[in-house]
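Report on the structure given below.
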Amino acid sequence: YQAIVKALTEIKDERAVIPLIEKFDKKDGFYLQQSIIYALGEIANKQSIPFLVSLFNREYRAGEINGIHFDVRAPYMGADAAHAVIKTGVAAIPILFESLKSEDSLARLYSVYALGLFKDSFALEPLHNALMAEGNPTVKVYIEKAIAEIKGEDFISPLTEQLKILIKSPKLKYSPG
C-alpha cells in the first residue's frame with residue numbers, strides 16, 4: 001500500500017481523500033499511517049480536516065503485519081496531523097478553534113500547535129481566551145509559545161526562565177567534586 005499512497009500523494013487527486021481515510025485504520029502500522037497523513041496534507045482537501053483533527057490525540061502503533069516499530073520519541077499523530085491540516089488552509093480554522101474547547105488535553109495542545117503554525121494574528125484572540133481558560137500547564141506553555149511565534153517574539157519557556165534566575169542567584173555556589 002505504501003507505493004499506492006505515494007502515487008496518490010504525487011497526483012494530489014481529491015478523489016483519493018475518502019479511500020485514504022478508510023484505509024487508515026487497517027492494521028498496517030506506523031509507516032502507512034504516517035504516509036496517509038502526509039498524503040492528506042499534500043492533497044489539501046477540506047474533507048480531510050475533521051479526520052486529521054481527530055488524530056491529534058491518537059497514538060501511532062507498531063505494524064502488526066510486519067512487526068515494524070515506530071519512533072517511540074514521537075508516539076502521537078498530533079504533530080504530523082497538525083502539519084497536514086494547515087496545508088488545507090483557512091478552512092481548518094473554525095475546526096481548530098472548536099478543538100481548543102475539547103476536553104482532551106492532547107486535542108487542545110495540537111490545535112494550538114496547528115494555529116501557531118499558521119502564524120497569523122487571526123488566532124491571537126482565541127489563543128488568549130484559551131490561555132485564560134486552560135488548566136493543563138503543558139497546554140498553557142504551548143499556547144504561550146504559539147502566541148509568541150505569531151507575534152514574532154522569541155519564546156522562553158517557564159523552565160528556562162527559572163533556570164536563568166537560579167543561575168544568576170548569589171546563593172548558588174559551584175563546588176567541584
Side-chain angles (χ1 to χ4, degrees), residues 1 4-6 8-26 28-61 70-71 74-153 155:
Y1 292 111
I4 294 169
V5 173
K6 185 176 180 182
L8 291 171
T9 303
E10 291 173 8
I11 294 169
K12 297 182 182 181
D13 188 334
E14 293 181 355
R15 294 175 294 177
V17 170
I18 300 302
L20 284 169
I21 291 171
E22 290 171 352
K23 179 64 182 152
F24 190 84
D25 278 325
K26 303 298 184 242
D28 294 324
F30 166 74
Y31 294 108
L32 183 62
Q33 290 173 332
Q34 194 173 48
S35 295
I36 290 172
I37 292 170
Y38 178 76
L40 291 171
E42 291 302 303
I43 294 169
N45 182 284
K46 65 182 180 179
Q47 284 181 296
S48 66
I49 297 169
F51 174 74
L52 289 167
V53 171
S54 77
L55 300 179
F56 284 178
N57 64 349
R58 296 254 319 258
E59 286 187 72
Y60 284 117
R61 64 178 185 274
F70 58 89
D71 183 348
Y76 290 97
M77 299 177 185
D80 292 334
H83 283 277
V85 83
I86 66 161
K87 291 180 179 182
T88 62
V90 296
I93 293 167
I95 295 170
L96 292 171
F97 285 166
E98 191 60 35
S99 188
L100 288 174
K101 301 171 190 169
S102 172
E103 290 184 23
D104 186 282
S105 61
L106 282 173
R108 295 191 310 276
L109 185 144
Y110 286 113
S111 295
V112 167
Y113 179 71
L115 288 167
L117 292 173
F118 271 109
K119 293 189 185 204
D120 198 311
S121 61
F122 66 83
L124 286 175
E125 184 177 342
L127 287 172
H128 280 292
N129 293 339
L131 182 61
M132 295 301 120
E134 185 57 56
N136 183 305
T138 303
V139 177
K140 278 189 170 200
V141 169
Y142 272 79
I143 295 170
E144 291 168 348
K145 184 175 192 281
I147 290 170
E149 288 176 351
I150 291 168
K151 290 180 173 181
E153 299 170 353
F155 175 73

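Any value given below was found using the heavy atoms of this structure, including those in side chains, with hydrogens, waters and symmetry copies removed.
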Original post:
If every non-hydrogen atom of Ser102 is compared with every non-hydrogen atom of Asp104, which pair is closest and at what distance?
Top reply: OG-N, 3.0 Å

Side-chain donor-acceptor pairs of residues 119-133 under 3.5 Å, sequence neighbours excluded:
{"residue": "Asp120", "atom": "OD1", "partner": "Phe122", "partner atom": "N", "Å": "3.3"}
{"residue": "Asn129", "atom": "ND2", "partner": "Glu125", "partner atom": "O", "Å": "3.4"}

**OP:** Give, for atom CZ of Arg108 and atom NZ of Lys101, the distance between the pair rounded to the nearest 0.5 Å.
**Re:** 13.0 Å

Original post:
Minimum heavy-atom separation for Ser111 to Ser99, with atom names?
Top reply: OG-OG, 2.7 Å

Original post:
Distance from Ile18 atom CD1 to Ile21 atom CD1, nearest 0.5 Å?
Top reply: 5.0 Å

Subject >> Reported CD1-to-CD distance for the pair Ile36 and Glu22, which is rounded to 0.5 angstrom >> reply: 11.0 Å

Original post:
How far apart are the C-alpha atoms of Lys23 and Leu32, what are their side-chain angles, what is the distance that settles it, and do they pass the side-chain contact (heavy atoms from CB on, under 4.5 Å) test?
Top reply: CA-CA 9 Å; Lys23 179 64 182 152; Leu32 183 62; 3.9 Å; yes

**OP:** Begin with the C-alpha distance, continue with both residues' side-chain angles, and end with the deciding distance and a verdict on side-chain contact (heavy atoms from CB on, under 4.5 Å) for Leu100 and Val112.
**Re:** CA-CA 7 Å; Leu100 288 174; Val112 167; 3.5 Å; yes

Original post:
How many angstroms lie between NZ in Lys87 and CD1 in Ile49, if you round to the nearest 0.5 Å?
Top reply: 14.0 Å

Original post:
Does a sphere of radius 6.0 Å around OH in Tyr142 hold more than 12 heavy atoms from other residues, nucleotides or ligands, not counting ones at 6.0 Å or beyond?
Top reply: no

Original post:
Do you know the tightest heavy-atom contact between Val5 and Leu20?
Top reply: CG2-CD2, 3.9 Å

Subject >> Sequence-distant partners of Lys145, salt bridge (Lys or Arg N to Asp or Glu O under 4.0 Å), two or more places apart >> reply: Glu149

Original post:
Are more than 12 heavy atoms from other residues, nucleotides or ligands located less than 6.0 Å from atom NZ of Lys46?
Top reply: no

**OP:** Side-chain contact test, heavy atoms from C-beta onward, threshold under 4.5 Å: evaluate it for Val17 versus Leu40 and give yes or no.
**Re:** yes

Subject >> Closest non-hydrogen atom pair between Ala114 and Ala82, with its separation >> reply: CB-CB, 3.9 Å

Original post:
So, the side chain of Ser35 versus the backbone of Tyr31: is there a donor-acceptor pair under 3.5 Å, distance only?
Top reply: yes

Subject >> Closest non-hydrogen atom pair, Glu14 against Ile43 >> reply: CA-CG2, 3.9 Å

Subject >> Heavy-atom pair with the smallest gap, counting every atom of Ile86 and Phe118 >> reply: CG2-CE1, 3.7 Å

Subject >> Aromatic ring proximity Tyr76/Tyr110, centre distance under 6.0 Å >> reply: no

Original post:
Under 3.5 Å, is there a donor-acceptor pair between the side chain of Ser48 and the main chain of Asn45?
Top reply: yes

**OP:** Evaluate the side-chain contact (heavy atoms from CB on, under 4.5 Å) criterion for residues Arg58 and Phe24: first the C-alpha distance (whole Å), next the side-chain angles of each, then the deciding distance (0.1 Å), finally the verdict.
**Re:** CA-CA 12 Å; Arg58 296 254 319 258; Phe24 190 84; 3.9 Å; yes

Original post:
Quick one: CG on Leu115 to CD1 on Ile150, what's the gap to the nearest 0.5 Å?
Top reply: 7.0 Å

Subject >> Atom pair CD (Glu153) and CD1 (Ile147), whose distance is rounded to the nearest 0.5 Å >> reply: 9.5 Å

Original post:
Are Gln34 and Tyr38 close enough, and set up right, to give a side-chain contact (heavy atoms from CB on, under 4.5 Å), and what steps lead you there?
Top reply: CA-CA 6 Å; Gln34 194 173 48; Tyr38 178 76; 5.9 Å; no

